[in-house]
Every structure is written in C-alpha cells, then in structure tokens.
Amino acid sequence: MYIYALIKVTIFPMMIFKFGSKAYRYGFGKQYLANFNVLEISKYTPIQIWGNIALILPLSILIAYLWPHKLSAFKFNICVGILTTIGIEMTQLIMAFFYLGSRTFDINDLILNLLGYLLGFCIYKVIKPIFNIESDMFRVF
C-alpha cells in the first residue's frame, strides 16, 4: 500500500485545487522542467519541506526492518534511499519533458527526500532496541 501511495503522490498526482486558487500561490502547480537552484529551498512553505521529508521516511524503516543484515545495513539502506529519490525525480523529469505529467525535477526535493530517508533510518535504529524488534515474520532473506 505504501509503495502504491508513494508512486501515486510523486508520479501521478491528482490536483484537488482549482486552477487559480490560493494553493497555487504557495508553489503548488508552479511547474517547469527542472530546478537546480538549491537556494530556492528558502521559498518552500513548511508543508512542502515536511511533506518531502515525510514522503520517503516510512520506506527507510521498511527496508531496514526487512533487510537488517543485507550487506552493511547502513550502506544498503543509503543506496536504496539515493536510488529511490533519484528514480522519482528522474521519472518526473522525463514525464515533464514529454508533457506527460505536471511534476518537475527539483534538487531541493531530492535533498529533502534523502534527509527524510536518513531520518527514518535513524528512527528505526533508535526504536529497534527499545521495542526489541527481532521478529522474522516478514523478513526476506
């Protein structure tokens, strides 16, 4: 369910606001092909910042839980996080290039998603010993 929701939100979003409404004044719907200006993060609203951080956070917890001993858990998890965020942004770039979507490649989204991924991994590492998470019910390999 989470993977479906992630794809739905990042690749195929449904606009719920009418064009010209107040939501578009805060950066929603303002689309261009790519944004490589890291300084534009200062123009983001708190909901954009926290939304991008929270978007990938559950994935890192899921990956850390399912594959705790895969390679070095930290290295494997970071590789998955980087590939996931780059994959999402590249898909958005390709779709915007061919006018197939209303998304854009944004370096700030990439940074915030990766920050959320790392935060999720840290949360898992803190919670694991507290709740003694050692169940093999859903483990893969």
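Along the sequence shown, residues carry numbers from 1.
- More than 12 heavy atoms of other residues, nucleotides or ligands shown are found within 6.0 angstrom of OH on Tyr2.
- With sequence neighbours left out, Phe121 forms a ring-ring contact (aromatic ring centres under 6.0 Å, His included) with Phe74.
- Between Ser60 and Asn77 there is a side-chain heavy-atom pair separated by less than 4.5 Å.
- By the rule that hydrophobic residues join a cluster once side-chain heavy atoms approach within less than 4.5 Å of another member, Val126 and Tyr117 end up as members of one cluster.
- Atom OG of residue Ser42 and atom CG of residue Asn108 lie 8.5 Å apart, to the nearest 0.5 angstrom.
- Residue Ile130 is grouped with residue Leu57 when hydrophobic side chains (ILVMFWY) are merged at heavy-atom distances under 4.5 angstrom, including chains of intermediate members.
- Shown here are the side chain to side chain contact (heavy atoms under 4.5 Å, CB included) partners of Ile3, two or more places apart in sequence or in another chain: Ile7, Leu59.
- Between Leu112 and Ile56 there is no side-chain heavy-atom pair separated by less than 4.5 Å.
- Distance alone, capped at 3.5 Å, is enough to place a donor-acceptor pair between the Gln48 side chain and the Thr45 backbone.
- Side chains of Glu40 and Asp106 form no contact here, defined as non-hydrogen atoms less than 4.5 Å apart.
- To the nearest 0.5 Å, atoms CG (Asn113) and OG1 (Thr85) are separated by 6.0 Å.
- Residues Phe76 and Ile63 meet the side-chain proximity criterion, which asks for heavy atoms closer than 4.5 Å.
- Contact check for Phe105 versus Gln92: no side-chain heavy atoms found under the 4.5 Å cut-off.
- A search for side-chain hydrogen bond (donor to acceptor under 3.5 Å, both in side chains) contacts involving Asp109 returns Tyr44, Asn52, not counting sequence neighbours.
- Rounding to the nearest 0.5 Å gives a distance of 4.5 Å between CD1 of Ile53 and CG of Leu115.
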